[in-house]
Structure formats: C-alpha cells, structure tokens
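Residue numbers start from 1 in every chain, and the chains themselves are labelled A, B, ... in the order their sequence lines are given, proteins ahead of strands.
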2 protein chains.
Amino acid sequence: MKYDYDIYSDRCPARAVLDRIADKWALLIMDRLSAGPTRFNTLKRDIAGISQKVLSQTLKLLERDGLISRKAYATVPVTVEYALTSLGENLSRAVEAFAHWAESNMDAIRKAQAAYDRRERSASGP
Amino acid sequence: MKYDYDIYSDRCPARAVLDRIADKWALLIMDRLSAGPTRFNTLKRDIAGISQKVLSQTLKLLERDGLISRKAYATVPVTVEYALTSLGENLSRAVEAFAHWAESNMDAIRKAQAAYDRRERSASGP
DNA sequence: CGGGATCCTCAGGGATACTG
DNA sequence: CAGTATCCCTGAGGATCCCG
C-alpha cells in the first residue's frame with residue numbers, strides 16, 4: 001500500500017482533508033493569499049465570481065484548518081487582513097503546482113475536449 | 001502578474017480547468033488510476049462512497065479532458081479498463097503531491113481545528 | 001460486467017438586506 | 001469595511017431499476 005492509511009476509504013482522515021482542500025474557492029483563495037496578506041474586500045474583488053457569503057465561510061473554514069490567519073486592526077473602519085500560515089504556505093506550494101499545471105496544459109485539454117466532442121458528434125450523428 | 005492569464009478571472013480558461021480538476025472524486029479516481037489500469041467496478045469498490053452515477057460521469061469528463069483513456073475488450077461479459085493518459089499521468093504527479101500533503105499534515109490540521117473550536121467555545125461564553 | 005435512464009432530495013451557494 | 005442573517009432555488013449527487 002502506498003499510504004499508511006487507505007486514502008480511498010471514506011473514514012480516512014487524510015481523505016477528509018482532501019475533501020476540504022479540493023475546493024475551487026479554497027484553492028483560489030490560498031493561491032491569491034500566497035501573494036501576501038490581503039483584505040476581505042480585496043479578495044472579493046479579485047476573485048471574480050465569488051460571493052461574500054462563500055468567501056467568508058471559506059475563509060472561516062481555512063482559518064479553522066490552520067491554513068490561514070485572520071488579523072483585525074482597530075482602525076475606523078476596522079481593517080482585517082488574511083494571510084497564509086506556515087502550514088498554509090506549505091500547502092500553497094502544491095496548490096501552485098496545480099494552478100501552473102492547469103495553466104500550461106489547458107490548451108492540450110481544450111484540444112482533447114474538441115476531439116472528443118467531434119468523435120461523439122460523428123458517433124451519434126446523421 | 002504571476003500568470004500569463006489572470007487565473008482569478010472567471011473567464012480565464014485555466015480557471016475552468018482548475019474548476020474541473022479541483023473535485024474530490026476526480027482526484028481520487030486519478031490517484032487510484034496512477035496505480036495502473038483499472039476496471040469500472042474495481043474503481044467503484046475501491047473508492048468508498050462513490051456512486052455508480054458519479055463514477056461514470058466523472059470518468060466520462062476525465063476522458064473528455066484527455067486525462068484518462070477508456071479501452072473496451074470484446075469479452076463476455078465486456079471488460080473495460082480505464083487508465084491515465086500521458087497528460088493524466090503528468091497531472092497525477094500534482095495530485096499525488098496533494099494527497100501526500102493531506103496525509104502528512106492531517107494531524108496538524110486536526111490540532112488546529114480542535115484549538116479553533118476550543119477558542120470559539122470559550123468566546124461564546126459558558 | 002459496465003453502464004444508461006429516472007426520480008427525488010437537500011444542501012451549497014446566489015441575492016438581498018442589515019449591523020457593529 | 002467586514003462581515004451576519006434570510007430567503008430561495010438550482011443542480012450535484014444518491015437510490016433504484018433496467019439493459020446489451
């Protein structure tokens with residue numbers, strides 16, 4: 001066996017972790033935070049399509065997981081900064097690998113999709 | 001900018017790719033396939049908790065993306081084997097990094113969660 | 001064995017409004 | 001600014017049955 005635990009078991013704690021971080025919003029947030037501490041509304045603005053509800057709830061979960069930290073400054077109005085913890089920074093390396101992979105291979109994927117769709121079309125075609 | 005495209009834009013093709021592969025079932029399937037070509041029901045049995053519907057639909061999507069290949073053998077009853085393509089194998093490296101990260105850091109995460117929950121509990125009073 | 005077709009549910013997440 | 005609170009709805013996904 002490749003793993004100490006069986007990651008394919010739904011009782012494996014590692015799989016619970018995988019379930020949590022295999023989330024597009026969490027990945028985008030972490031990747032964005034790898035550029036440095038960032039404020040709530042900046043994240044909301046920068047990550048197109050995320051709602052404030054999902055953003056805040058994802059941030060809370062990531063904070064609970066110890067992957068990011070939340071720091072509030074007693075300014076008026078209040079300022080809050082989110083940043084990666086060392087644990088989160090560690091993970092963001094893997095995230096980066098993912099994002100970079102997606103970037104450098106998207107053309108291959110799009111070609112594969114087009115080819116697949118052409119095959120499907122001719123298979124069910126007239 | 002770190003990327004050629006802006007991955008935080010919802011129009012970025014790389015983000016579409018990220019959306020697709022940031023899926024726990026897809027990740028588990030790819031990771032399982034990295035051990036070698038595998039049949040449908042074997043996947044279903046091994047990956048605890050996946051339904052047949054989700055399995056087949058995820059396999060189809062992964063095949064469309066060119067990440068896995070499907071090979072049917074004219075036996076009775078029919079035998080079908082799924083395997084990683086070279087593109088998929090390439091990705092599965094990143095997936096493995098993810099899975100391993102999850103495995104080796106799950107304890108830290110669980111501790112962080114417990115600490116967070118303790119803080120929350122004491123924050124919201126007796 | 002390897003799926004396709006259906007039905008059903010329920011929770012993830014969007015939109016909106018409000019607050020410290 | 002940085003969220004919380006509600007309402008609401010859609011679609012992901014589970015359960016079941018069936019077929020080549």
Side chain of [X], heavy atoms from C-beta onward: which of [options] has the nearest atom to it?
{"X": "A:Gln57", "options": "D:dC1, D:dT4, C:dG13", "answer": "C:dG13"}
{"X": "B:Val54", "options": "D:dG3, D:dG13, C:dG14", "answer": "D:dG13"}
{"X": "B:Val80", "options": "C:dG3, D:dA2, C:dT16", "answer": "C:dG3"}
{"X": "B:Asn41", "options": "D:dA2, C:dA17, C:dG2", "answer": "C:dG2"}
{"X": "B:Lys53", "options": "D:dA15, C:dG2, D:dG3", "answer": "D:dA15"}
{"X": "B:Phe40", "options": "D:dG3, D:dA2, C:dG3", "answer": "C:dG3"}
{"X": "B:Asp23", "options": "D:dG20, D:dT4, D:dG13", "answer": "D:dG13"}

Can you find a side chain N or O atom of [X] that sits less than 4.0 Å from OP1 or OP2 on [N]?
{"X": "B:Tyr82", "N": "C:dC1", "result": "no"}
{"X": "B:Lys60", "N": "C:dG4", "result": "yes"}
{"X": "A:Arg39", "N": "D:dA2", "result": "yes"}

In whole angstrom, give the distance that lies between atom [atom1] of [X] and atom [atom2] of [N].
{"X": "A:Ile29", "N": "D:dA2", "atom1": "CD1", "atom2": "P", "result": "14 Å"}
{"X": "B:Arg20", "N": "D:dA12", "atom1": "CZ", "atom2": "P", "result": "12 Å"}
{"X": "B:Lys44", "N": "D:dG13", "atom1": "NZ", "atom2": "P", "result": "15 Å"}
{"X": "A:Glu63", "N": "D:dG3", "atom1": "CD", "atom2": "P", "result": "9 Å"}
{"X": "B:Glu120", "N": "D:dT4", "atom1": "CD", "atom2": "P", "result": "10 Å"}
{"X": "B:Leu61", "N": "D:dG13", "atom1": "CG", "atom2": "P", "result": "10 Å"}
{"X": "A:Ile50", "N": "C:dG13", "atom1": "CD1", "atom2": "C1'", "result": "11 Å"}
{"X": "A:Glu81", "N": "D:dC1", "atom1": "CD", "atom2": "P", "result": "14 Å"}

### Query
Less than 4.0 Å between a side-chain N and a carboxylate O, is that true for B:Asp46 and B:Arg32?
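Judged by the 4.0 Å cut-off on N to carboxylate O distance, B:Arg32 and B:Asp46 do form a salt bridge.
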### Salt bridge present between A:Asp65 and A:Arg20 (N-O < 4.0 angstrom)
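Answer for the salt bridge query: yes.
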### Query
Side chains of A:Tyr8 and B:Asp31: do they bring a donor and an acceptor to under 3.5 Å?
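Yes.
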### Task
Could you tell me whether the side chains of A:Thr42 and A:Thr38 share a donor-acceptor contact shorter than 3.5 Å?
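No, A:Thr38 and A:Thr42 have no side-chain donor paired with an acceptor closer than 3.5 Å.
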### Given DNA chain D, 5'-ward residue of the pair A:Val78 and A:Gln52, judged by closest heavy atom
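Taking each residue's closest nucleotide, the earlier one in sequence belongs to A:Val78.
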### Query
When you match A:Pro77 and A:Ser56 each to their closest nucleotide on DNA chain D, which lands nearer the 5' end?
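Nearest-nucleotide comparison on DNA chain D picks A:Pro77.
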### Query
Per the end-axis method with five pairs at each terminus, what is the bend angle of the helix from C:dC1-D:dG20 to C:dG20-D:dC1, to 10°?
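That helix has its two terminal axes inclined by roughly 60°.
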Quick check: do [X] and [Y] have side-chain heavy atoms less than 4.5 Å from each other?
{"X": "B:Ile68", "Y": "B:Leu59", "value": "yes"}
{"X": "B:Ile21", "Y": "B:Leu62", "value": "no"}
{"X": "A:Leu33", "Y": "A:Ser92", "value": "no"}

### Query
What nucleic acid atoms does B:Tyr73 come within less than 4.0 Å of, heavy atoms only: base, sugar-phosphate, or nothing?
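Result for B:Tyr73 = nothing.
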### Task
Would you confirm whether A:Asp23, through its side chain, and A:Ala26, through its main-chain N or O, come within 3.5 Å as a donor-acceptor pair?
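At least one qualifying donor-acceptor pair exists.
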